[in-house]
Amino acid sequence: MASKAKAIAAKSAKSKAAARKYKMYINGEFVEARSGKVFPVINPSTEEVIAEVPEADENDVNRAVAAAKAAFNSGAWPQTTAQDRGRILFRLAERIRKEAAHLADLECRNSGKPIVEAEYDIADAATCFEYYGGMATKVLGHVNPVPDNALSLSLREPIGIAAQIIPWNYPLLMAAWKLAPAIAAGCTCILKPAEQTPLTALEFAGYLTEAGLPPGVANIITGFGEGAGAPLVKHPDVNKVAFTGSGAVGKAIVKMAADTLKRVTLELGGKSPNIFFADADFEAAIDGALFGVFINQGEVCSAGSRILVEKPIYSKFVDAMSAKAKKIRLGPPLERETKMGPLVSKEQFDRVSAYQEIGKKEAKLAAGGGRPSSMKHGYYVEPTIFYDVDNSARIAREEIFGPVATVIPFTNEADAIKIANDTPYGLAAAVWSRDIFKAFRVVKALRAGIVWVNHMQPTYVEAPWGGYKQSGFGRELGPWGIEEYLETKQVHINLNEQPIGWY
Ligand code: NAP
Ligand code: MG
């Protein structure tokens with residue numbers, strides 16, 4: 001044991017020497033934390049320290065909010081036109097595309113996601129900046145038809161200073177979903193990436209000044225939820241909080257934001273049903289079930305983690321799905337053939353492993369269930385399938401956020417709808433059938449913000465994203481995404497030259 005401990009210490013000392021030191025981005029400058037504190041960033045595949053980033057605390061939060069406030073109220077930003085903001089966003093998109101190979105490599109090393117998926121994410125992040133670059137000039141006011149000799153207008157104005165707190169599963173893409181609409185709207189922002197995955201956001205910070213963004217408009221601070229996230233949410237000068245992450249933190253954020261009545265939008269994940277009727281195309285169904293739950297190692301807020309299967313095909317389905325799951329290529333995320341990398345962190349590995357053990361007591365195991373013996377390092381877990389799961393089991397009710405599928409049988413359409421909706425969550429759902437009438441009846445009955453038919457997971461910046469029930473509130477992407485960063489001002493212009501004449 002002693003020699004093992006020594007080996008780990010030696011390895012971490014060696015990797016620490018190679019670790020790149022990053023700074024965070026406040027008021028257009030790269031800075032250390034005021035306290036001088038830093039924390040390590042780990043490659044979850046090798047378990048090596050790959051970087052060190054500043055650990056922001058309340059002092060740094062205050063500095064970032066002051067910069068965002070000053071930028072919102074004075075200087076170049078309030079004078080920019082929608083066209084200017086659009087052009088800045090287009091330049092950011094272009095820069096992301098230019099640096100795509102480097103960003104994907106960094107995302108892959110930092111998060112553990114397969115390189116091919118990282119490449120898609122980086123391209124999607126660029127597309128998001130492009131989309132909101134175009135949207136900047138499509139924000140329209142109204143003329144209200146009031147019954148008087150007056151001109152009544154509704155103006156759309158930026159909501160102000162936005163705090164944006166994001167998770168680790170799609171690091172740069174989540175940053176894009178938050179920053180792009182806020183900048184298009186004319187807001188200023190402070191983004192806090194997840195402690196595990198700050199690197200691509202910090203890399204991206206280096207593009208902002210060159211793209212023409214004035215200092216203080218977008219600030220990126222690194223740190224922990226308690227130390228940096230909470231003071232950001234509580235800060236009286238922050239007008240809006242946009243959060244993606246766990247339900248527990250989402251609830252805490254609503255409470256913290258209540259004192260100053262901030263606008264809050266929440267995207268909190270779920271326990272999404274993926275429903276397979278017996279008349280679905282069987283091969284497509286098996287693929288869709290696997291893709292729905294195992295893409296990005298299952299670290300997906302909309303993961304189809306409850307797989308509901310109609311009884312006539314149930315046994316065949318479990319067998320075919322398990323056989324294919326056992327062949328999923330798990331390995332180093334930088335290898336192009338890899339379909340599943342490690343989980344993001346030791347903490348997440350322990351959490352998912354604990355659910356695998358809970359599952360073994362609650363249901364039957366068809367595939368996986370532990371750590372792959374082929375991988376010597378890294379936070380790898382096998383794609384795991386439990387079947388004969390009761391919808392009341394913990395593994396069917398709690399968000400695991402890893403590659404753990406629960407397969408649940410159902411008897412008919414009504415039964416499928418009942419089980420599907422029997423969850424506190426309501427982010428996403430999917431239904432597979434060749435019967436368009438049945439599929440659409442189910443779509444209408446499902447209480448979820450996103451429903452796919454004969455597919456699961458494709459996500460587009462043009463279409464709304466967000467949850468029903470305890471999956472949160474507000475919508476991201478599309479025109480809905482920019483709405484969340486806008487206020488509406490009513491302006492009444494009297495066209496009568498006479499006095500009001502009341503007294
Ligand atoms: P989390 O704790 O909700 O973290 C999300 C973000 O919130 C991170 O930036 C986090 O900072 C920050 N945060 C944490 N506590 C905070 C506080 N008191 N005030 C303000 N901000 C705070 O999620 P996690 O710990 O990374 O993962 C735990 C579980 O959350 C997962 O297993 C999964 O079930 C769920 N999750 C859901 C999503 C989703 O897309 N809906 C994404 C990720 C995780 P730190 O990075 O320092 O924690
Ligand atoms: Mg956390």
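From a predicted model like this one, the values you see are computed outputs, not experimental measurements. In listed order, ligands and their atoms are each counted from 1. One-based numbering along the sequence shown.
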Item to complete: Measure the shortest side-chain to side-chain distance between Val61 and Ile221 over non-hydrogen atoms and say whether it is less than 4.5 angstrom.
Response: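 Counting from C-beta outward, Val61 and Ile221 do come under 4.5 Å.
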Discussion item. Contact between Val293 and Pro403 at the side-chain level, heavy atoms closer than 4.5 Å - yes or no?
Written reply: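 A side-chain contact under 4.5 Å is absent here.
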Item to complete: Take Arg97 and Glu130, measure what salt bridge (Lys or Arg N to Asp or Glu O under 4.0 Å) needs, and give me the verdict at the end.
Response: CA-CA 11 Å; Arg97 290 198 196 286; Glu130 258 158 25; 3.0 Å; yes
Relative to [atom], which among [options] owns the nearest non-hydrogen atom?
| atom | options | answer |
| --- | --- | --- |
| atom 47 (O) of ligand 1 | Glu195, Glu55, Gln348 | Glu195 |
| atom 15 (N) of ligand 1 | Val249, Ile400, Leu343 | Val249 |
| atom 22 (C) of ligand 1 | Pro231, Gly225, Gly402, Gly269 | Gly225 |
| atom 18 (N) of ligand 1 | Gln196, Gln164, Glu226, Glu398 | Glu226 |
| atom 32 (O) of ligand 1 | Arg351, Glu399, Glu299, Lys255 | Arg351 |

Polar contact flag, side-chain donor to acceptor under 3.5 angstrom, [X]-[Y]:
| X | Y | result |
| --- | --- | --- |
| Asn239 | Arg263 | no |
| Glu267 | Trp465 | yes |
| Lys37 | Ser35 | no |

For ligand 1, which is the ligand I care about here, please tell me if [X] has any N or O atom under 3.5 Å from one of the ligand's N or O atoms.
| X | value |
| --- | --- |
| Ile166 | yes |
| Pro167 | no |
| Glu347 | no |
| Ile165 | no |
| Lys192 | yes |
| Gly229 | no |

Report, in ascending order of atom number, the atoms of ligand 1 lying under 4.0 Å from any heavy atom of [X].
| X | answer |
| --- | --- |
| Glu267 | 41 (N) |
| Cys301 | 39 (C), 40 (O), 41 (N) |
| Ala194 | 9 (O), 46 (O) |
| Leu268 | 41 (N) |
| Met256 | 19 (N) |

Item to complete: Would you indicate whether Arg447, at its atom CZ, is surrounded by more than 12 heavy atoms from other residues, nucleotides or ligands within a distance under 6.0 Å?
Response: no
Worksheet item: Has Lys339 got more than 12 heavy atoms of other residues, nucleotides or ligands less than 6.0 Å from its NZ?
Response: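 12 or below, so no.
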Please write down residue, atom name and distance for the protein heavy atom closest to [atom].
| atom | answer |
| --- | --- |
| atom 38 (C) of ligand 1 | Phe401 CZ, 3.3 Å |
| atom 28 (C) of ligand 1 | Ser246 CB, 4.3 Å |
| atom 27 (O) of ligand 1 | Trp168 NE1, 3.7 Å |

Practice prompt. Over all heavy atoms of both residues, which pair between Phe243 and Val249 is shortest? Give the atoms and the distance, please.
Written response: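 For Phe243 and Val249, the tightest heavy-atom pair comes out as CZ-CG1, 3.5 Å.
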Worksheet entry | ring pair (Phe, Tyr, Trp, His ring centres under 6.0 Å) partner of Phe204, the single match among Tyr22, Phe129, Tyr25 |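 So, applying the ring pair (Phe, Tyr, Trp, His ring centres under 6.0 Å) to Phe204 and each of Tyr22, Phe129, Tyr25, only Phe129 qualifies.
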Worksheet item: Do Lys240 and Tyr485 meet the cation-pi criteria used here (NZ or CZ under 6.0 Å from the six-membered ring centre, within 45° of the axis)?
Response: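 So Lys240 does make the cation-pi contact.
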Item to complete: State whether Tyr170 and Lys113 meet the cation-pi test: NZ (Lys) or CZ (Arg) under 6.0 Å from the six-membered ring centroid, and within 45° of the perpendicular axis.
Response: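 Yes, Lys113 sits over the ring of Tyr170.
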Item to complete: Measure the distances from the heavy atoms of Phe243 to every atom of ligand 1 and state whether one is below 4.0 angstrom.
Response: yes
Worksheet item: Can you find a protein heavy atom closer to atom 25 (O) of ligand 1 than 4.0 Å?
Response: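 No, because not a single protein heavy atom sits under 4.0 Å from atom 25 (O) of ligand 1.
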Fill in: Within reach of ligand 1, part of Val300 (heavy-atom separation under 4.0 Å)
neither
Practice prompt. Using a strict cut-off of less than 4.0 Å between a Lys/Arg side-chain nitrogen and an Asp/Glu carboxylate oxygen, indicate whether Asp350 and Lys346 qualify as a salt bridge.
Written response: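 Looking at Asp350 and Lys346, the cut-off is met.
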